[in-house]
Each structure stands twice: as structure tokens, then as C-alpha cells.
Peer 1: 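Sharing a structure here in C-alpha cells format.
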Number of protein chains: 2
Amino acid sequence: MTTPESVSDKLDAVRLARSYLVRVAEPPAPAVVDFVAQHGPVAAAEAIRAGNCPSRVRDETEARRTHDHAQRDLDEGARLGMRLLIPEDDEWPGWPLLSLQLAASRGVQGVAPPLALWVRGQVRFDEVTEQAVAIVGARAATGYGEHVAGDFAAALAGQGISVFSGAAYGVDGAAHRGTLFVGGTTVALLGCGLDAGYPAGHVVLLDKIAEHGGLVVSEYPPGTPPARHRFLVRNRLIAALSEGTIVVEAGRRSGARNTATIAGALGKVVMAVPGPVTSALSIGCHELIRESGATLVASVDDVIETVGRLGTPRPEKVRSKRPTDGLGPDALRVHEALDRREGKSAEQIATESGVPVARVRALLPALELDEFAARCESGWRRRTRR
Amino acid sequence: MTTPESVSDKLDAVRLARSYLVRVAEPPAPAVVDFVAQHGPVAAAEAIRAGNCPSRVRDETEARRTHDHAQRDLDEGARLGMRLLIPEDDEWPGWPLLSLQLAASRGVQGVAPPLALWVRGQVRFDEVTEQAVAIVGARAATGYGEHVAGDFAAALAGQGISVFSGAAYGVDGAAHRGTLFVGGTTVALLGCGLDAGYPAGHVVLLDKIAEHGGLVVSEYPPGTPPARHRFLVRNRLIAALSEGTIVVEAGRRSGARNTATIAGALGKVVMAVPGPVTSALSIGCHELIRESGATLVASVDDVIETVGRLGTPRPEKVRSKRPTDGLGPDALRVHEALDRREGKSAEQIATESGVPVARVRALLPALELDEFAARCESGWRRRTRR
């Protein structure tokens with residue numbers, strides 16, 4: 001039997017390994033993510049550090065594999081008020097991020113799930129994703145766009161919905177501010193390290209978000225500068241972590257439309273706010289509605305109707321009704337990956353659930369004890385407790 | 001063989017009968033329309049005048065059947081520069097109005113086709129409906145709504161598309177003016193007699209439409225005052241005579257939405273222009289897009305793509321390619337109603353085509369001569385000339 005100390009020691013080792021991994025591989029790193037799922041983070045990190053890994057993994061890590069700043073990043077992060085959240089933590093938003101795993105397994109490019117996330121703020125990440133909507137849009141928003149973004153954000157927050165956005169000027173900033181204004185929960189996803197001081201004009205806003213019940217989040221370790229490709233890569237997290245994405249003002253080509261496209265590919269709800277046809281900044285929204293099947297939302301009632309109508313009901317929402325309600329997110333994913341008739345190996349279950357194989361091996365006996373899983377000749381199969 | 005004189009005499013008699021019918025029955029008058037289709041306008045008018053008709057027809061005509069102003073209306077109309085256009089005229093827009101007939105036969109209420117139409121203007125009615133789009137919207141339009149209506153109308157007119165509307169203040173007026181401004185063709189459908197001087201502020205506009213290559217049209221005889229129910233009844237003509245209806249600004253409940261609803265019921269394309277979500281006058285447009293499946297149009301290119309993509313291709317557009325291209329609209333409708341295998345009686349063909357049975361009987365031998373129809377044991381069947 002393991003003592004609390006040894007569990008904690010093990011989690012520390014995993015966190016250190018993931019701290020190494022999240023810096024060594026520029027996201028998204030699908031080969032590294034698969035490699036970690038197969039071997040667990042500690043063994044994967046060791047193999048990568050030693051250059052003892054398949055060529056696809058080496059390609060994603062070669063440039064930085066000897067830069068081992070894992071402990072320094074954890075120390076520096078702690079000093080700066082950040083923590084490194086990892087999939088092995090209870091707080092990890094495993095359920096919404098599962099959409100990335102599923103899309104990647106369907107062949108969607110560039111949507112590998114994050115290896116870990118740097119977080120500033122006091123609330124639990126899994127709680128703020130329970131009911132979340134993303135509001136994104138043009139940096140050079142008009143007064144109309146900023147007004148609508150702030151108004152929608154405040155009204156959603158008033159209904160207990162978290163507002164996710166990208167901390168950019170314009171629509172993003174208005175969404176964060178609108179949420180803070182009514183004391184709601186807002187989450188800013190960055191395309192740079194949390195200490196990058198970017199965007200410069202939003203440093204105070206980001207501090208306020210972290211201090212007032214929200215989170216500032218990035219998969220980039222401290223010191224990572226902003227870059228255009230990082231904003232695009234970051235967009236998959238905004239899309240995945242929310243039930244739906246609302247685009248408020250977007251030009252013909254824009255980052256907000258990129259987020260909307262990813263949200264669609266992840267099977268999330270895509271919504272767009274119309275505006276005057278005479279405004280260049282509403283063109284992207286109108287095209288999304290007209291050509292990409294985005295749902296027109298003209299009010300927060302429209303948003304709630306749309307998310308409620310199309311959104312995937314989450315286990316959290318029906319917690320009191322299901323026998324699996326007591327399970328943590330990883331156990332739930334392992335349980336979901338099991339089949340009632342056909343036995344599966346721990347490796348198969350790890351691949352299908354996206355839960356590291358080491359953790360799958362640890363969870364299966366616990367699931368067996370609770371009558372959620374059973375051993376059989378060909379591995380493990382699902383049971384459902386009455 | 002009939003001489004030109006006798007044909008002309010016969011048409012005069014039919015016109016006189018329809019002049020009586022269109023005044024005696026307040027539109028839409030489905031029972032009267034059916035009765036006329038069965039017996040022809042002259043016999044139907046005589047029967048109604050004598051009170052010798054089924055109770056449904058009597059109900060629709062009882063109040064006015066003894067008011068025979070048929071000749072006086074024709075004389076008065078001629079004096080005022082109007083003509084009474086009837087389905088027996090070549091110029092009658094039989095093809096687009098067929099949508100009313102078909103919808104009525106599917107059980108849609110309140111969409112019986114008109115018995116005749118009073119017209120001011122020099123152009124042929126069938127020509128202006130060859131490529132036509134309706135632009136409708138709020139009377140109390142904003143500057144934005146009037147701007148968009150005028151802009152869309154001018155651009156559509158520039159592409160040779162006629163712009164239909166209802167001559168009301170606000171969006172309707174802006175659409176008519178935008179068309180006239182670029183020398184395009186616009187058609188105003190009224191819910192009162194053409195001499196009613198309504199709306200008072202648009203008397204000069206209506207004169208200009210009639211004088212500058214457009215038409216002013218109503219199924220109400222001279223002297224009929226405007227009334228709320230007449231505008232709603234008139235809306236079915238706007239919807240039917242155009243390939244699609246564009247709603248530019250509409251409140252939650254509005255006449256423009258009524259026109260859009262009818263257009264949808266007629267199988268026409270329904271389009272709506274988005275606007276600021278903060279504008280009460282765009283609520284109706286957004287609801288049409290969000291809830292009623294209207295297509296968002298943000299530009300005239302969008303309109304043309306939508307009408308082209310969804311609109312029924314009309315025989316006129318492919319005139320050079322089909323063997324039936326030489327046929328007039330009634331002959332075409334009779335030909336369409338024929339079946340290749342199963343013979344049909346003239347009465348059946350009249351019912352299905354909406355062409356009066358007397359005219360069906362006159363057209364069938366001509367179609368036979370041209371190898372478009374053949375007699376068989378059970379009536380008439382379709383042939384297609386090579």
C-alpha cells in the first residue's frame with residue numbers, strides 16, 4: 001500500500017517530467033503526446049532526453065531536448081505565482097480537453113492535447129470549465145463589437161457561465177472586462193509565457209483576472225515570447241475548453257475565425273454575432289453564418305438556447321443521476337474506453353482514452369474494486385454498478 | 001376559323017367578366033377562383049350575378065354581387081391610365097403566379113391567385129417578372145435600413161433584376177427609389193386602388209415608377225381605399241411575383257415578416273439582411289435567419305448567389321434550349337400539367353394547371369398540332385417534340 005507521501009512524491013516526479021516535456025516540445029506535439037500516453041510522462045521524458053525515441057518524437061524534440069529547465073521552470077513559476085497543472089491532477093479539465101484527443105484521432109491536424117498547462121489564479125480549472133463559453137473577435141473592434149462583447153460576457157457571467165477568451169485587444173479584452181465587471185469568472189488563454197507581459201496594455205487586466213476568481217492560462221513555460229503561430233495553436237485550447245465559441249466581429253481573415261473553425265472541427269457549437277452589413281468587421285461573422293453553418297446569436301438568450309440545444313451534456317451536469325458520478329475525470333475516461341463485451345489491454349485503453357498507460361494501470365484495479373471494470377481473458381471489460 | 005375581330009371581342013367579354021369578378025369578390029377568394037377555373041370567367045360571372053352558384057362562392061360574393069361596375073371600372077381605369085390585366089392576356093405573369101395556385105392546392109390558406117390585376121405603366125408584366133427580387137421591410141426604418149435597401153435595389157437593378165416592393169414608407173420606398181436612381185425596373189404592389197393616392201407621401205414616387213419603365217399594380221379596382229387586411233393580402237403577390245424576398249429591417253411583428261412567411265410557404269427564397277443586435281429593427285431579420293431558415297444576405301453578390309442557388313430555374317431563362325420555348329405561359333402550364341403515360345380530362349388539366357378550362361380546351365388542339373400533346377382514350381397525354 002502506498003503512503004500519502006509516496007503518492008505525492010510520484011506526482012512530483014510526473015510534474016517534473018511534464019515540466020520538461022512542455023518546454024522541450026513546441027505545441028502541438030502529436031508524436032510526443034502519443035509517446036507520453038504509451039510510456040507515461042516520466043519514462044517518456046527520460047527516453048526523449050536520452051534521444052532514445054522514435055524519429056517522429058525526435059523530430060518534435062530534437063531542437064530542445066538537452067535544455068532541461070524543468071525544475072527551474074517549476075521554481076520560477078512558483079515565485080511568479082503560477083502552477084503547472086498536469087493531466088494527473090484532479091483539477092485537470094480532462095473532459096473538455098478530450099475533444100482534442102478525439103479530433104486528433106479522427107485525423108484533424110494541429111489539435112493534439114496539451115502536455116501540461118501553466119496557470120495563474122486561485123480557482124480550480126475543472127470547475128471553471130463546467131459551464132464555459134468562449135467570446136472571441138477582432139483586435140481592431142468597433143465600439144459596437146466591444147459593446148456587444150462586454151454585454152454578452154456580463155450576461156453570461158450573470159448566469160454562472162465562465163467566459164473564455166484570448167486576452168487580445170478589442171473583443172477579447174471587452175469580454176474579460178465585461179465578466180469581471182459583474183464579478184463573474186473569466187479565463188484568459190495566452191499564446192506566450194504567463195510572465196511575458198503581453199499584450200502590454202492588458203498586464204493589469206490579466207493580474208485582475210488572476211486575482212478576482214479567474215484564471216490566466218498558457219501551455220508555454222515562463223519566458224516564452226509571443227509569436228503568431230502560438231496564438232493560432234492557443235486557439236485550439238479556447239475552442240476545446242468551452243462548450244461553444246461566439247465570434248463578435250471578425251474580418252474576412254482573422255484569428256477569431258480560426259478559433260471558430262477549430263471549434264467546429266472539435267464538434268463544439270460555433271456562434272456568430274451579426275452586425276451592420278456596411279461594417280468590414282462584421283464580414284467574417286456574416287460569412288460564418290452564411291457559409292459555415294454558424295448559428296446567429298443576437299442575444300444571450302440566443303446563446304444559452306444554442307449551447308443548451310446543441311452542446312454535449314457533460315457528466316458534471318447529471319452528476320446525481322449516474323453510477324459513475326463519483327469517478328474522477330481520468331477514471332471516467334478509462335471507464336468510457338472499456339467495452340462491455342470485448343476485453344482490452346491497458347495499452348489499448350490508454351490509446352483510446354488518452355489517459356497515460358501507467359495511470360490506466362493504476363486506475364483499473366480501483367475501478368474493479370468499485371465494480372466498474374472486470375478482468376477477463378483478453379484484458380479488461382466494462383461493468384456498470386447498479 | 002375565328003377572325004381577329006371575334007378573338008378580340010371574346011377577350012373583351014372575358015375582361016369585362018373579370019372586371020366584375022375582381023370587384024365582387026374581396027381577395028383572396030379561393031372559391032370564386034376555383035369556380036372561374038371550372039366554368040370560365042364569363043359563365044362564372046353570369047352565375048354569380050344571378051346568385052346561381054355553390055354556397056362557398058355565394059359567401060365570397062353575396063355582399064357585392066349586384067354591384068356591377070365592370071364597364072365603369074374599365075372606363076374609369078382607362079381614363080386614369082390603368083389597364084386591367086387578365087390571365088387570358090399574353091402579358092399575364094402566369095409562371096410566377098403558379099406558385100400561388102400550387103400552394104393553395106397544398107392547403108396553404110389565403111394564397112388564392114388573383115382574378116385579374118390593375119396595372120399602371122408601359123412595360124409588359126411577364127417581362128418584369130422574368131428576373132425579379134422583392135425587397136421589403138419596416139416603415140419606420142433606420143438610416144441603416146434605408147441605406148441598405150436603396151443600395152441593394154440599385155445593385156440588383158444594375159444586374160437587370162426587377163425590384164418588387166410594397167410602396168410603403170421606409171424600406172419599401174428606399175428600394176423603389178434606389179432602383180429608379182439607376183434607371184432600373186421597379187414594381188410597386190399596392191393594397192388599395194391605384195387611384196387611392198396612398199401613401200400620400202409616395203404619390204409622386206408612384207407616378208415616377210409608372211412613367212419610368214416600372215409598374216404600379218393592384219388587384220383592387222379603382223376607388224378601393226387602403227385597409228390593413230389588404231396589405232397582408234397584397235403581400236402574397238409580392239412574394240409570388242419575385243424569385244425571392246429580402247427582408248431589410250423588421251421588428252418582432254411586422255408586415256415584412258408576413259411577406260417572408262408567405263414567400264417561404266410558396267417555396268420561394270427567403271433572405272434577411274442582418275444589422276446591429278442593438279437595433280430593435282433588426283430583431284425580425286435575425287429571428288428569420290436564426291429560427292425560420294432565412295438565408296443571411298450581406299451583399300448583392302450574396303443575393304444573386306442565393307437566388308441562383310435555390311431559385312427555381314424559369315423556362316424563360318433557358319428559352320433557347322427547350323423544345324417548349326415557343327409556348328406562351330398558359331400553354332406551358334397546360335403542357336406541364338400533362339402526364340406522359342396517363343391521360344387526363346380538360347377539367348383535370350385546368351385544375352392542375354390553374355388555366356381556365358375553356359382556355360385549356362382551346363390550347364389542347366394547338367398543342368396537339370405542335371406535337372406537344374396527344375389524344376388518348378382517357379383524355380390527353382404529354383408529348384415532347386424533338
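None of these values were measured; they are calculated from a predicted model. Every chain is numbered from 1 and lettered A, B, ... according to where its sequence line falls, protein lines coming before strand lines.
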Peer 1: Test: side chain to side chain donor-acceptor pair (under 3.5 Å). Region: residues 134-148 of chain B. Which pairs qualify, not counting sequence neighbours?
Peer 2: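 Only B/T142-B/E249 qualify under side chain to side chain donor-acceptor pair (under 3.5 Å).
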Peer 1: Please rank A/C285, A/A298, A/P276 by heavy-atom pairs under 4.5 Å with chain B and give me the top one.
Peer 2: A/P276
Peer 1: Apply side chain to side chain contact (heavy atoms under 4.5 Å, CB included) to B/V203 and list each qualifying residue two or more places apart in sequence or on a separate chain.
Peer 2: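 If we apply the side chain to side chain contact (heavy atoms under 4.5 Å, CB included) test to B/V203, skipping adjacent residues, the hits are B/D207.
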Peer 1: Looking only at side chains, do B/R230 and B/S218 share a donor and an acceptor under 3.5 Å apart?
Peer 2: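 No pair is found: no donor N or O on one side chain lies under 3.5 Å from an acceptor on the other.
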Peer 1: Do A/S162 side-chain atoms and A/V128 backbone N/O form a donor-acceptor pair below 3.5 Å?
Peer 2: yes
Peer 1: Which pairs, with at least one residue in residues 151-178 of chain A and sequence neighbours excluded, count as a salt bridge (Lys or Arg N to Asp or Glu O under 4.0 Å)?
Peer 2: none
Peer 1: Just checking heavy atoms, which of residues 251-261 of chain A are less than 4.5 Å from chain B?
Peer 2: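 At a heavy-atom separation under 4.5 Å, chain B is reached by no residue of residues 251-261 of chain A.
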Peer 1: Looking at every non-hydrogen atom in both residues, tell me the closest pair between A/V248 and A/V171 and how far apart they are.
Peer 2: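 Taking A/V248 first and A/V171 second, the nearest heavy atoms are O-CG2, 3.0 Å.
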Peer 1: Report the option among A/V273, A/I289, A/I283 that has the most heavy-atom pairs separated by less than 4.5 Å from atoms of chain B.
Peer 2: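 The residue among A/V273, A/I289, A/I283 with the greatest pair count is A/I289.
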Peer 1: How many angstroms lie between CG in B/L180 and OG1 in B/T185, if you round to the nearest 0.5 Å?
Peer 2: 9.5 Å
